[in-house]
Number of protein chains: 2
Amino acid sequence: MVQIPKTPASAPPAPTRSVPTSADVARLAGVSRATVSYVLNNAGAVRISEPTRRRVRDAARELGYVPHAAARSLRAGHSRTVLMPAPAFPVGPLYSQFINELQAALARLDYTVVQYGTSGVHDDEAARAWAELRPVAVLVPGSGLGPRGVDVLKRAGARAVVTLGPEAVEGAHALLMDHDVVGHSAGAHLFDRGRRRIGVIVPREPGLEAFSAPRLAGVRAALRGTDATVTELPLAADEGAAARLAARWRDLGLDAVFTYNDEYAMLLMRALQDEGVRIPEEAAVVGADNLMLGRLLRPRLSTVHLDLPCGRELAGLVDRAVRDPAAAPEAHKALGASVVRRESS
Amino acid sequence: MVQIPKTPASAPPAPTRSVPTSADVARLAGVSRATVSYVLNNAGAVRISEPTRRRVRDAARELGYVPHAAARSLRAGHSRTVLMPAPAFPVGPLYSQFINELQAALARLDYTVVQYGTSGVHDDEAARAWAELRPVAVLVPGSGLGPRGVDVLKRAGARAVVTLGPEAVEGAHALLMDHDVVGHSAGAHLFDRGRRRIGVIVPREPGLEAFSAPRLAGVRAALRGTDATVTELPLAADEGAAARLAARWRDLGLDAVFTYNDEYAMLLMRALQDEGVRIPEEAAVVGADNLMLGRLLRPRLSTVHLDLPCGRELAGLVDRAVRDPAAAPEAHKALGASVVRRESS
DNA sequence: TTGAAAGCGCTACCAG
DNA sequence: CTGGTAGCGCTTTCAA
């Protein structure tokens, strides 16, 4: 229950209401700032009488007092902020869910997750911007952070830097998520199904190279030393481009295609079908991500299912690293891939 | 926790892992902290000799000095942080793009956008958590913020609070995005196409009520006073549920369905087609969001295209509000909807 | 042109 | 049990 006296609209007492501080609370409650701090932080070491506690609490509520995080962490010398760069491109449901799990798990460990919008800033510059916030840990998806960036962050007091990407970075913990395995699974699967002339869709959209390049490389790796060939097929995410590719299909002489993900699979399948190309007879199609839409296509889409690390796991890693920053950086292989065969391959 | 004593200035470049401050830079450069601040902030008011500037810059680089954002904003009395809660559910490409545009636009205006992970915390509690960061502005999608929350934020110094949701909140600016219009467009369209017994899919997934309820209400509103009926059809996002609904379709006696969005449309269309229900003859289908997948379905999916406000626009609103916090909160109607008719209706 | 010092809001010692 | 107070890192007067 709030008991704020309504200020008459005719004469507001202060045009610029200043933000209440703990000193204001102390004054109103008739105690010292120290006492306010003790009460509001439930300090166990000191015992404050119940009437005093009430007075402080009431005063805080009445003023709408909210502690100043910057002042607090300045004083404390550290924060419990875990910083992640906000993804710069539309991100699928898998990754969203991963982030949410992670946030929830870290919140349970009493960390505060903050996604920092770093649009377009590059590497060291970004690292410096992040370092200004003095986060206790930094999680960086992708491969935008180099050893220098890691160093900047650690010198700024980050007790853990974790990269989520294809390769480990000097000085940082790593959750190795090399999408190589995705392409590898797809390639091996298509080979097993007797396909030998395999196309690989590479999205033209910027920002996706970080995933598409390793996926392509994985297909290549899976087929190295066999008689199969791999053909790179750049494709923009629009119908016209897909139709043009489909029109060329028979000339390309391919018998299978790994489409980068399920959405591109849908795009290409539709174009191929409109062109009269039979799936899987003339073109085996394999997507990735195991989205629901794959099950809704006809023929049903074969796909590569990704096993992402669960958020709790990563949260645990972060917490351990924060508690023992001296420990050698761990590198976990954290991306599994398995083919879900349906009707398109 | 181990406290490492400060190494005396006389000691050689010690292995102290403590974070360098501007005082360290000053010491190394042989100047005062004031000079360091002037140099590193390119203060125009004072003129520092070029040799001094060099010394300061070199010292800063050598130490890997990064200013402490908390200390700076504490001193300054304000920050340029714009805070948004991180969305708690998988978010489509439309919204992602909107966020990215917004971040870029605000970055150009020299604001720092931060998405704060508030998983599960409710209303006032969330507002208080945000207020601790003393953001200069807060953008809140959805309808999770009440007048009390707005008040908390403003008392904590937020110069602008903007809600992006169905209705304006007392004291806050509003970008009115009432999804009502989406349902309204769909309903009116189906009525125009001669449909009279109209089903509306309502996703069972939690977190989507904020959108699904207004969309349903919009259909109802569009058909009020006509001889058409509206039937609510709860549906979970899985094939089994869709199949069960499709099996009941003919018993339901409906002739059209608005599916909440394109993804549910795809799910339902597939189930209806598997059941032998002809589209659009026996069931006209209209989705929403105008995703590419709609064009890939057969029959091609009619959909409601959403006109979201562009990020630049919102960034401008935020900036104006920050510069003139006294101005009366504006409320912009910011969601347009138009039907894209294809083959399914 | 540079330096000394105050103080932003907060917490944690140490006295009383 | 409660109050005084130092000081976290930074910017910004005011003096020299």
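Residue numbering restarts at 1 for every chain, and letters A, B, ... go by the order of the sequence lines. Treat the numbers as computed from the prediction; the structure is a model and nothing was measured. What you see below is based on every heavy atom in this structure, not just the backbone, and it leaves out hydrogens, waters and symmetry mates.
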Non-hydrogen atoms of A:Ala71 and B:Leu74 that approach each other most closely: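 For A:Ala71 and B:Leu74, the tightest heavy-atom pair comes out as CB-CD1, 3.9 Å.
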Minimum heavy-atom distance B:Arg159-B:Val322, with the two atoms named: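 Taking B:Arg159 first and B:Val322 second, the nearest heavy atoms are NE-O, 2.9 Å.
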Protein-nucleotide distance (A:His68, atom NE2; D:dC8, atom P), rounded to Å: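 Taking atom P of D:dC8 as the reference, NE2 of A:His68 is at 18 Å.
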Partners meeting side chain to side chain contact (heavy atoms under 4.5 Å, CB included) with B:Pro147 (sequence neighbours left out):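 Scan of B:Pro147 (side chain to side chain contact (heavy atoms under 4.5 Å, CB included), adjacent residues dropped) gives B:Val169, B:Glu170.
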Checking the side chain of [X] only, and the main-chain atoms of [Y] only, is there a donor and an acceptor separated by less than 3.5 Å?
| X | Y | result |
| --- | --- | --- |
| B:Arg155 | A:Pro20 | no |
| B:Thr21 | B:Ala23 | yes |
| B:Arg55 | B:Ala29 | yes |
| A:Ser79 | A:Arg134 | yes |

Per-nucleotide protein contact string for nucleotides 1-7 of chain D (B base, S sugar-phosphate only, - none; heavy atom under 4.0 Å): SBBBBBB
Phosphate-side-chain proximity, B:Thr21 and D:dG9, N/O vs OP1/OP2 below 4.0 Å: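 So the side-chain polar atoms of B:Thr21 never come under 4.0 Å of the phosphate oxygens OP1 or OP2 of D:dG9.
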Cationic N near anionic O, under 4.0 Å, B:Asp124 to B:Arg128: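 No, no charged N to carboxylate O under 4.0 Å.
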Outermost nucleotides of DNA chain C that come under 4.0 Å of a non-hydrogen atom of chain A: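 For DNA chain C, the relevant span reads C:dG9 to C:dC13.
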